[in-house]
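Report on one structure; see the data block that follows.
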There are 2 protein chains.
Amino acid sequence: MRDGVPGFATLRDVARHAGVSLATADRVVNRRGGASARSTARVEAAVAALDFRPDPRAADLSRKRLTRLGLVVPRGENPFFSDIAREARCAAADLGGRRVLVEVVETDIFSPRALALELVALGERMEGLAVVGFDHPLVAEAVDALEAKGVAVVTLVSDVPRSARRRYIGIDNRAAGRVAGSLVGRFLGRGGGRVGVLVASLGLTDHLERLAGFRDTIAGRFPAVEIADVLEGRDERGVTRAKVSALLAGGAIDAIYNAGAANAGVADALGEAGAATIFVGHELTQETRPLILSGVMDAAIVQSAGHEARSALRLLLAELTGAAVVEDQERIRIEILMADNLPG
Amino acid sequence: MRDGVPGFATLRDVARHAGVSLATADRVVNRRGGASARSTARVEAAVAALDFRPDPRAADLSRKRLTRLGLVVPRGENPFFSDIAREARCAAADLGGRRVLVEVVETDIFSPRALALELVALGERMEGLAVVGFDHPLVAEAVDALEAKGVAVVTLVSDVPRSARRRYIGIDNRAAGRVAGSLVGRFLGRGGGRVGVLVASLGLTDHLERLAGFRDTIAGRFPAVEIADVLEGRDERGVTRAKVSALLAGGAIDAIYNAGAANAGVADALGEAGAATIFVGHELTQETRPLILSGVMDAAIVQSAGHEARSALRLLLAELTGAAVVEDQERIRIEILMADNLPG
DNA sequence: CTGTTAGCGCCTTCAG
DNA sequence: CTGAAGGCGCTAACAG
């Protein structure tokens, strides 16, 4: 703080205070290198003394290089990822304003090799990448290679845990699974029952963790509930429908927890069977909205596609420019939606 | 779009295209008045032709006048409002960067006259005000007077419906009440039971609407549930405790829905009585966190104080500067929290 | 009513 | 290694 009451210290003030030029002050503040130890020390002292915080707006404005960001989402019928892609496109417009170019790339996420190749290729022309991950050594290796050559990588929705990604943006999937467990447990009531669980693939970190959380809660708090089976539906409607139908045919099922995306497939199977089964799933999309409203789905555990897309871009940009991050704003929340609190 | 591939049109381009000066282009774009019909038309045509969008960063940077914003929250023991105040203070730092001064004012919200006077007084030295409302003609009148003299007013958390406020920032309280009704109904199970409801005051729009939503759902979907009584606790721990204790003493109560804030008071009363009562309330605060974790509260319906504070400031600023608004980002969500998805 | 002229705070060549 | 100078896109005096 200084003279002008409501004014902050500017880089110019820092430079003056340190007895160096604007350019030198900039060099040390932004760690561009090429400043003597003496200058560095003096500038750092000035920064501390004046409590200097760079103004991100001015920085943006004057930066001439444009930043290319990529968003890699799975190809397929999953409507949640269409939402993410759409939101990312419109977020791109005002987050970085101009000088930021966002490209959304769809790829076959279930093939680790294809995903890894795509990532490396994208790294050639992007400075930052947000990736819906798949937990596989090839993918982790690609991420590490990108980071090694200076491309900022964040994972979105599904993490690649053993990799050098800067950060994971998405919900705590284990907690989401626990919530699902609680809901199913409480909805079933004292009597308990048999529940079927669905995932897309056991290679997806997010689905696996949901499953683990679900198991924890059921085992720990609802002894009368039994997990009948865990099915892999690849997030495809047809596959899912067939597997759920088979499960229902095989014996009384009182609840379904779909940790994956193919809710329409579950609804198909439940509709055919005509049973009054509790059904808890994930995400609010064109597909699930009517299911929740009509009561076919009793509850949905939801993450906001818009929030995630904006967070991903904001955080990539922050990584690249050193801008400040408001952690509270970036925490992706787990929302529980029922017919009563469906937005819009 | 024009020549330079990834460049947007600037005001300078617009001016050139319209054959006027920068200043004139600025005048019509920002409706500052004092431009001939001819110039206005030409500039507007240019804006459309070039798809010009002003760069908010540049605008901020060059704006010299600093904006004073006020946030009016109720004085009292309500920890949620302390959170809002805290979040507002730190949001102020980076949202407007410098050139924005945010002042948080605590006032006695239960006295419409005092609140109205305070508002009018604040209007003398602020250009924008975010107010936790109280639905009373005096308050509405004060808001109208402020708007009439050009002060932008938004309501936060609790609306002042029949007033000229620009907008209400907060959850859909009717929906929140319905959610509470569903949770209580489902947690009670088939057998149903008797439930006591609490509000701070029937003059608070938000509490009233929660009550209405709660009633809707109980009446419509849970015929076995009976609302035993509606208590006014002024959001004070002692008052609430006493009233709940009296209610519990008066006959079997299977659930409490606290639409207000004094959850500690409810917990006190439940603790004394030692009954296994379902308890659903609102907000995640220092006070409710342990109650949720320990299972005293079965669920909390939550709104994010940080999100609301940031939204309020962002929207006031947008009103004042004409900046664009991302509606999806400003929608305040209703979160359902249970022990399993408590963040942090 | 209109245009010219300085900046806002920072980044970025380009000479020293 | 260092500094001077010229923008980025917009706002706001100030002259016409």
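Proteins come first, then strands; the chains are lettered A, B, ... in the order of their sequence lines, and each starts at number 1. Note that this is a predicted model, so its numbers are computed, not measured.
- In this structure, B:D26 and A:S21 both approach DNA chain D, and ranking their closest nucleotides by distance from the 5' end singles out A:S21.
- Atom-to-atom, CZ of A:R53 to C1' of C:dC10 comes out at 17 Å; the value is rounded to the nearest Å.
- Side-chain contact check for B:S311 and B:E330: at least one donor-acceptor pair (N or O, by modelled atom type) lies under 3.5 Å.
- A donor-acceptor pair is defined here as one N or O able to donate and one able to accept, closer than 3.5 Å; no such pair exists between the side chain of B:N30 and the backbone of B:R32.
- Without hydrogens or angle criteria, B:E319 side chain to B:R166 main chain gives no donor-acceptor distance under 3.5 Å.
- The interatomic distance linking A:L61 (CG) with C:dT12 (P) rounds to 12 Å, in whole Å.
- For B:N30, a side-chain nitrogen or oxygen approaches OP1 or OP2 of D:dT11 to under 4.0 Å.
- Put simply, CZ on B:R63 is 17 Å from P on D:dG9, counting in whole angstrom units.
- A side-chain contact (heavy atoms from CB on, under 4.5 Å) with B:Y168 is found for one member of B:V157, B:V154, B:T155 and no other, namely B:T155.
- Whole-Å rounding puts the A:R42 CZ to D:dC1 P distance at 18 Å.
- When atom types are taken as modelled, the side chain of B:H307 and the backbone of B:Q329 share a donor-acceptor pair closer than 3.5 angstrom.
- Of the residues in residues 32-40 of chain B, B:G34, B:A35, B:S36, B:S39 come within less than 4.0 Å of DNA chain C through at least one heavy atom, sorted by number.
- In this structure, A:D55 places its CG atom 16 Å from P of D:dC10, rounding to the nearest Å.
- Using a 4.0 Å cut-off between a side-chain N of Lys or Arg and a carboxylate O of Asp or Glu, B:R167 and B:E327 qualify as a salt bridge.
- In this structure, A:E308 does not pair ionically with A:R333, as no charged nitrogen and carboxylate oxygen lie closer than 4.0 Å.
- A donor-acceptor contact under 3.5 Å links the side chain of A:S62 to the base of C:dC10.
- To the nearest angstrom, C1' of C:dC11 lies 10 Å from CG of A:L11.
- Summarising the geometry, the separation between CZ on A:R27 and C1' on C:dT13 is reported as 10 Å, rounded to the nearest angstrom.
- Here the C1' atom of nucleotide C:dT13 and the CG atom of A:L22 are 14 Å apart, to the nearest Å.
- Taking the side chain of B:T24 as heavy atoms from C-beta on, and the options C:dT2, D:dT11, C:dC10, the nearest nucleotide is C:dT2.
- Between A:A23 and B:R12, it is B:R12 whose nearest contact on DNA chain C lies nearer the 5' terminus.
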